[in-house]
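There's a structure below that I have some questions on.
Numbers here simply count residues along the sequence, with the first being 1. For the numbers below, each heavy atom of this structure counts, side chains included, while hydrogens, waters and symmetry mates do not.
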Amino acid sequence: MSRVIADHLPPSQVRAAAFDTRWRGLHPGQVRDYLGRVADELERLHRELITATTETERIRRALIQWQARHSSRRCGPTTSDNRRPR
């Protein structure tokens with residue numbers, strides 16, 4: 001699960017970003033506020049990704065279990081017209 005997020009930009013790195021100042025540059029307070037909003041959005045998206053990944057894995061395991069339980073029915077005896085008996 002954490003390997004999914006490992007390659008992404010962490011919110012803490014966005015919050016800690018520093019930029020060189022230039023004459024007539026951007027307003028530092030506005031830049032910090034915006035980066036804070038971006039970091040908050042990254043945190044939200046990371047939480048959603050973890051939730052979706054966890055749910056996908058749960059569904060995948062359930063499908064494998066279902067397939068294992070029902071695989072014997074597919075291989076069972078058939079009638080002369082290739083239908084399974086009821």
Given the rule that I, L, V, M, F, W and Y join up when any side-chain heavy atoms are under 4.5 Å apart, are F19 and L9 in one cluster? yes

Supply the atom-to-atom distance L42 CG to L49 CG, rounded to the nearest 0.5 angstrom.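 Rounded to the nearest 0.5 Å, the CG-CG separation comes out at 11.5 Å.
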
Find the distance between CG (L45) and CD1 (I50) and round it off to the nearest 0.5 Å. 11.5 Å

List, one per line, each side-chain donor-acceptor pair under 3.5 Å for residues 28-37, sequence neighbours excluded.
none

Going from CZ on R60 to CZ on R58, what distance comes out if it is rounded to the nearest 0.5 angstrom?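 Interatomic distance, R60 CZ to R58 CZ, rounded to 0.5 Å: 12.5 Å.
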
When you compare the side chain of H46 with that of E43, does any pair of heavy atoms fall below 4.5 Å?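 No. Closest side-chain heavy atoms not under 4.5 Å.
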
All salt bridge (Lys or Arg N to Asp or Glu O under 4.0 Å) counterparts of R61, not counting sequence neighbours: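 Only E57 meet the salt bridge (Lys or Arg N to Asp or Glu O under 4.0 Å) criterion with R61.
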
Does I64 belong to the same Ile/Leu/Val/Met/Phe/Trp/Tyr cluster as W66, with side-chain heavy atoms less than 4.5 Å apart forming each link?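 The answer is no; the residues belong to distinct hydrophobic clusters.
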
